[in-house]
Amino acid sequence: MPEKVILVVDGQEMELPIVTGTEGEQAVDITQLRNRTGLTTYDPSFGNTSACKSTITFIDGEKGILRYRGIPIEEFTEAPNFVEVAWLLIFGRLPKRDDLAQFRDQLTANELLHEGLRHQFQHIPVEAPPMAILSAMLSNMACFYPGFLSLDDSDTFTEAAARLISKVRTIAAFSYRRSLGLPIIYPDPNLRYCANLLHMIFSIPYQQHVVTPEIEDALNLIFILHADHEQNCSAATVRTVGSSHANLFASCAAGVSALWGPLHGGANVEVLQMLERIHQGGMSAADCIAAAKARDKKFRLYGFGHRVYKNYDPRAKLLKQACDRVFATVDRSDPLLDIARKLEELALKDSYFVDRNLYPNVDFYSGILLRAMGIPTNMFTVCFAIGRLPGWIAQWKEQHDDADSRITRPRQVYVGPPCTAYVPIADR
Ligand code: ACO
C-alpha cells in the first residue's frame with residue numbers, strides 16, 4: 001500500500017499524503033494542491049473524489065459488501081426493525097432498550113402534522129407528484145418549527161430528527177390519500193412505525209387495515225435496505241446544502257429532490273413501468289435488453305448498474321429473497337416478478353452487461369415487493385425517501401459535528417469565451 005504520492009509539477013516534486021480508511025481503502029489528500037501548485041483536479045461527477053471521512057456506512061462495491069456502522073446489512077434481516085437501524089445510523093451505536101423506547105415515544109409524540117401544514121394539502125393539485133409534495137412539506141417544516149433551525153444542542157437535534165422521521169410517513173400517507181380523493185387517516189399511536197404507515201395508507205374510516213407480521217417485516221426490511229448508502233447523489237446533496245449551515249429540514253428537502261430523479265431513487269418507478277410495458281406486450285424482454293445496449297443510449301435497463309457496485313448489489317439480493325417470502329404469504333404471484341427474473345437472467349448472460357459489470361441494483365426488485373404489499377407505483381420513490389431519511393440525518397449530523405467541515409465549493413475549469421468587450425444593444 002502506498003504511503004505517499006509524489007507529484008512532479010514543472011520539475012518540482014510535491015509530496016501528497018495518503019489517507020487510509022478502516023478497511024484499507026486509500027485516498028490521495030490533495031487539500032494543499034491548489035495552494036502550492038495553482039492546479040485543481042478535474043473529476044466531473046466526483047467519481048474519484050472522497051469528499052469526506054465518514055464513520056456511517058462502508059461499501060465494497062467490488063465484493064458487494066454493505067455495512068452500517070460496521071454491521072453487515074444481512075444481520076438486520078432476521079428481525080428487521082427500521083427504527084433501531086435509524087437510531088444506529090444517526091447516533092453511531094446500537095441503541096439500548098431505554099434509548100429505543102425513548103426514541104419510539106418521540107416518534108409517536110410527533111406523528112401528527114401541525115394543522116397549518118395539514119391544511120396545505122387542500123391547495124395542492126390532486127395529480128401533484130408525491131415527491132414534489134414531500135420535498136415541499138419537509139421544507140415547510142422549517143416554517144412551523146423555527147426553534148429547530150439551529151441544532152447545536154443534542155436534545156434539540158434528537159427532537160428535530162424524531163419530528164422528521166415521524167412526520168415524513170404522515171406526509172407520505174396524506175399525499176397518497178389526497179391523490180385518490182380519500183379521507184385522510186390519522187396515525188394510530190398504538191402501532192409500530194411501519195404498521196402505522198400502512199394503516200394511514202390503507203385503513204378507511206371505521207375499518208382498520210390489518211397488517212400481517214410478514215408485511216410489516218417486509219416494509220421494515222425495505223426501509224432498512226434503503227437507510228443509507230454513503231455519498232450517493234441525495235446524501236451528497238444533503239451534505240452540500242448542510243455545509244452552508246442550512247437547517248436540517250431544508251437539507252433533507254433537498255435530498256428528496258435529488259432522490260426523485262430516474263437515475264437515482266426514481267429508478268424504482270421506471271423499473272415497474274418497464275416491466276409493465278413488457279407485460280402488456282409493448283416490448284419483449286429481449287427487445288428491452290437490445291434497446292439498453294443500443295449505441296444511441298436513449299434507453300437504460302432501469303434497476304441495473306451502479307456507480308459503486310461492480311458486483312451484485314447486496315440489497316437487491318435481499319429484496320429478491322423478500323419478494324419470494326411476501327408472495328408466498330399473500331398467496332398470489334405477479335407476472336412482473338417473472339419478467340424481472342427473465343430480464344435479469346438475459347442481462348447477466350449478455351456480454352454488454354457482463355463487460356460493464358452491470359448487475360441488478362436496489363431498485364430492480366424493490367418496486368415489485370412494494371407492489372406485492374399493495375403500495376401504488378407513484379409512492380415507490382416516496383417509500384425510498386422514508387427509508388433514506390435516517391441516512392440523510394446521520395450524514396448531516398456527521399458533517400455538522402466535524403470541526404474540519406467547510407462550505408462545499410468545488411472548482412471548475414472555465415472553457416467559455418475569453419475576455420470580450422460588452423456591445424451596446426443598438427450596435428449588436
Ligand atoms: N442500462 C444500459 N447501459 C448501462 C446501464 C443500464 N442500466 N447502466 C450503465 N450502463 C452503461 C453506460 O451506458 C456506460 O456504457 P459505455 O461504457 O458504453 O459508455 C457504462 O455502462 C457505464 O455506465 P455509466 O453511466 O458511466 O455509469 P454511472 O456510474 O455514471 O451510472 C447509474 C450509474 C446512473 C446507476 C447507471 O448505471 C444507470 O443509469 N442505471 C439505470 C438507472 C438506475 O437503475 N438507477 C438507480 C441506481 S441505484 C440508486 O440510485 C438508488
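Side-chain atoms are counted along with the backbone in the values below, which use heavy atoms only and exclude waters and symmetry mates.
Other residues, nucleotides and ligands contribute over 12 non-hydrogen atoms within 6.0 Å of the OH atom of Tyr414. The neighbour count for Asp98 CG, taken as heavy atoms of other residues, nucleotides or ligands under 6.0 Å away, does not exceed 12. Surrounding CZ of Arg192 are at most 12 heavy atoms belonging to other residues, nucleotides or ligands under 6.0 Å away. With a 6.0 Å radius and a threshold of 12 heavy atoms from other residues, nucleotides or ligands, Asp296 has its CG atom above the threshold. In this structure, Arg406 places its CZ atom where only 12 or fewer heavy-atom neighbours from other residues, nucleotides or ligands lie under 6.0 Å away.
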Take Tyr312 and Glu344 through the test side chain to side chain donor-acceptor pair (under 3.5 Å) and record every step on the way to the result. CA-CA 11 Å; Tyr312 212 106; Glu344 179 187 334; 2.9 Å; yes

Start with the C-alpha distance between Asn268 and Thr381, add both sets of side-chain angles, then the distance that settles side chain to side chain donor-acceptor pair (under 3.5 Å), and finish with yes or no. CA-CA 7 Å; Asn268 57 14; Thr381 317; 3.1 Å; yes

Phe144 vs Leu113, side chain to side chain contact (heavy atoms under 4.5 Å, CB included): CA-CA, chis, key distance, verdict: CA-CA 10 Å; Phe144 290 89; Leu113 298 188; over 6 Å; no

Walk me through whether Glu345 and Lys349 qualify under salt bridge (Lys or Arg N to Asp or Glu O under 4.0 Å). CA-CA 6 Å; Glu345 189 193 323; Lys349 279 196 301 212; 3.4 Å; yes

Run the side chain to side chain contact (heavy atoms under 4.5 Å, CB included) check on Ile90 and Phe157 step by step: do they pass? CA-CA 10 Å; Ile90 297 170; Phe157 167 78; 3.6 Å; yes

Can you check side chain to side chain contact (heavy atoms under 4.5 Å, CB included) on Leu16 and Gln32, steps first, answer last? CA-CA 8 Å; Leu16 298 170; Gln32 293 306 312; over 6 Å; no

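Under a 3.5 Å cut-off, the side chain of Ser54 and the backbone N or O of Ile56 do form a donor-acceptor pair. Side-chain N or O atoms of His199 include none that pairs as donor or acceptor with a backbone N or O of Ala195 at under 3.5 Å. A donor-acceptor pair under 3.5 Å is absent between the side-chain atoms of Asn110 and the main chain of Ser166, judged by distance alone. Side-chain N or O atoms of Arg411 include none that pairs as donor or acceptor with a backbone N or O of Thr40 at under 3.5 Å. Under a 3.5 Å cut-off, the side chain of Ser203 and the backbone N or O of His209 do form a donor-acceptor pair. A donor-acceptor contact shorter than 3.5 Å is absent between the side chain of Arg169 and the backbone of Leu197. In this structure a side-chain-to-backbone donor-acceptor pair under 3.5 Å is present from Gln399 to Arg239. Between the His264 side chain and the Ser234 main chain, a donor and an acceptor come within less than 3.5 Å of each other. Checked by atom type and distance alone, the side chain of Thr37 pairs as donor or acceptor with a backbone atom of Leu39 at under 3.5 Å. Here the side chain of Tyr352 pairs no donor or acceptor atom with the backbone of Ala347 at under 3.5 angstrom.
The shortest side-chain heavy-atom distance between Asp228 and Pro390 does not fall under the 4.5 Å cut-off. Using a 4.5 Å cut-off on side-chain heavy atoms (C-beta onward), Arg36 and Val9 make no contact. Residues Phe384 and Phe223 are not in side-chain contact: their nearest non-hydrogen atoms beyond the backbone lie 4.5 Å or more apart. Between Thr158 and Phe91 the shortest side-chain heavy-atom distance falls below 4.5 Å. You'll find the side chain of Met137 reaches within 4.5 Å of the side chain of Phe121, heavy atoms only. In this structure the side chain of Met200 never reaches within 4.5 angstrom of the side chain of Tyr186, judged on heavy atoms. At a threshold of 4.5 Å between non-hydrogen side-chain atoms, the residues Pro187 and Leu112 count as touching. When side chains are defined from C-beta on, Phe174 does not count as touching Ile185, because their heavy atoms never get closer than 4.5 Å.
Of the inter-residue distances, the one linking Leu259 atom CG with Asn232 atom CG reads 8.0 Å to the nearest 0.5 angstrom. Atoms CD1 and OG1, from Ile73 and Thr57 in turn, are 10.0 Å apart once rounded to the nearest 0.5 Å. Summarising the geometry, atom OG belonging to Ser175 is positioned 8.5 Å from atom CD1 belonging to Ile201; distances are rounded to the nearest 0.5 Å. Note that CG of Asp313 is 11.0 Å distant from CZ of Phe304, once rounded to the nearest 0.5 Å. The structure places CD of Glu25 at 9.5 Å from CE of Met1, a figure rounded to the nearest 0.5 Å. Between the CZ atom in Arg178 and the CZ atom in Arg118 there is a gap of 11.5 Å [rounded to 0.5 Å].
Tyr193 and Phe82 have tilted rings, their planes meeting at an angle from 30° to 60° on a 0 to 90° scale. Aromatic ring orientation, Tyr145 versus Phe249: tilted (interplanar angle from 30° to 60°). Between Trp396 and His400, the ring-plane angle classifies as parallel under the 30° and 60° cut-offs.
Counted by atom type alone, Thr20 and Gln26 present one or more donor-acceptor pairs between their side chains at under 3.5 Å. In the model, Glu398 has a side-chain atom that pairs as donor or acceptor with a side-chain atom of Thr55 under 3.5 Å. Side-chain contact, Gln395 with Glu230: no donor N or O sits under 3.5 Å from an acceptor N or O. Using modelled atom types, one finds no donor on one side chain facing an acceptor on the other under 3.5 Å when comparing Asp402 with Ser405. Using modelled atom types and a 3.5 Å distance limit, the side chains of Asn361 and Arg315 yield no donor-acceptor pair. A donor and an acceptor atom, one from each side chain of Asp188 and Asn196, are nowhere located under 3.5 Å apart. Under the 3.5 Å distance criterion, with hydrogens and angles disregarded, no donor-acceptor pair is assigned to the side chains of Ser135 and Trp260.
For Arg371 and Glu276, the salt-bridge test passes: some basic side-chain N is under 4.0 Å from an acidic carboxylate O. By the 4.0 Å N-to-carboxylate-O rule, Asp350 lies close enough to Lys293 to be salt-bridged with it. Between Arg163 and Glu159, at least one side-chain N (NZ, or NE/NH1/NH2) sits under 4.0 Å from a carboxylate O, which counts as a salt bridge. Salt-bridge formation is detected for the pair Arg93/Asp99: a Lys NZ or Arg NE/NH1/NH2 atom is positioned less than 4.0 Å from an Asp or Glu carboxylate oxygen.
Checked against a 6.0 Å centroid threshold, the rings of His229 and Tyr309 count as neighbours. Between His114 and His119, the ring center distance fails the sub-6.0 Å criterion.
The two atoms that bring Asn311 and Gly64 nearest to each other are CB-N, 4.1 Å, heavy atoms only. The two atoms that bring Asp334 and Ile368 nearest to each other are OD2-CG2, 4.3 Å, heavy atoms only. When every heavy atom of Phe103 is checked against every heavy atom of Ala162, the shortest pair comes out as CE1-CB, 3.9 Å. Considering every non-hydrogen atom in both Pro130 and Val382, the closest pair reads CB-CG2, 3.5 Å. In terms of heavy atoms, Ser179 sits closest to Val126 at O-CG1, 3.3 Å. Minimum heavy-atom separation, Ser366 to Leu319: CB-CD1, 3.8 Å.
A cation-pi arrangement is absent between Lys310 and Tyr359, since the terminal nitrogen or guanidinium carbon is not both under 6.0 Å from the aromatic centre and inside a 45° cone about the axis.
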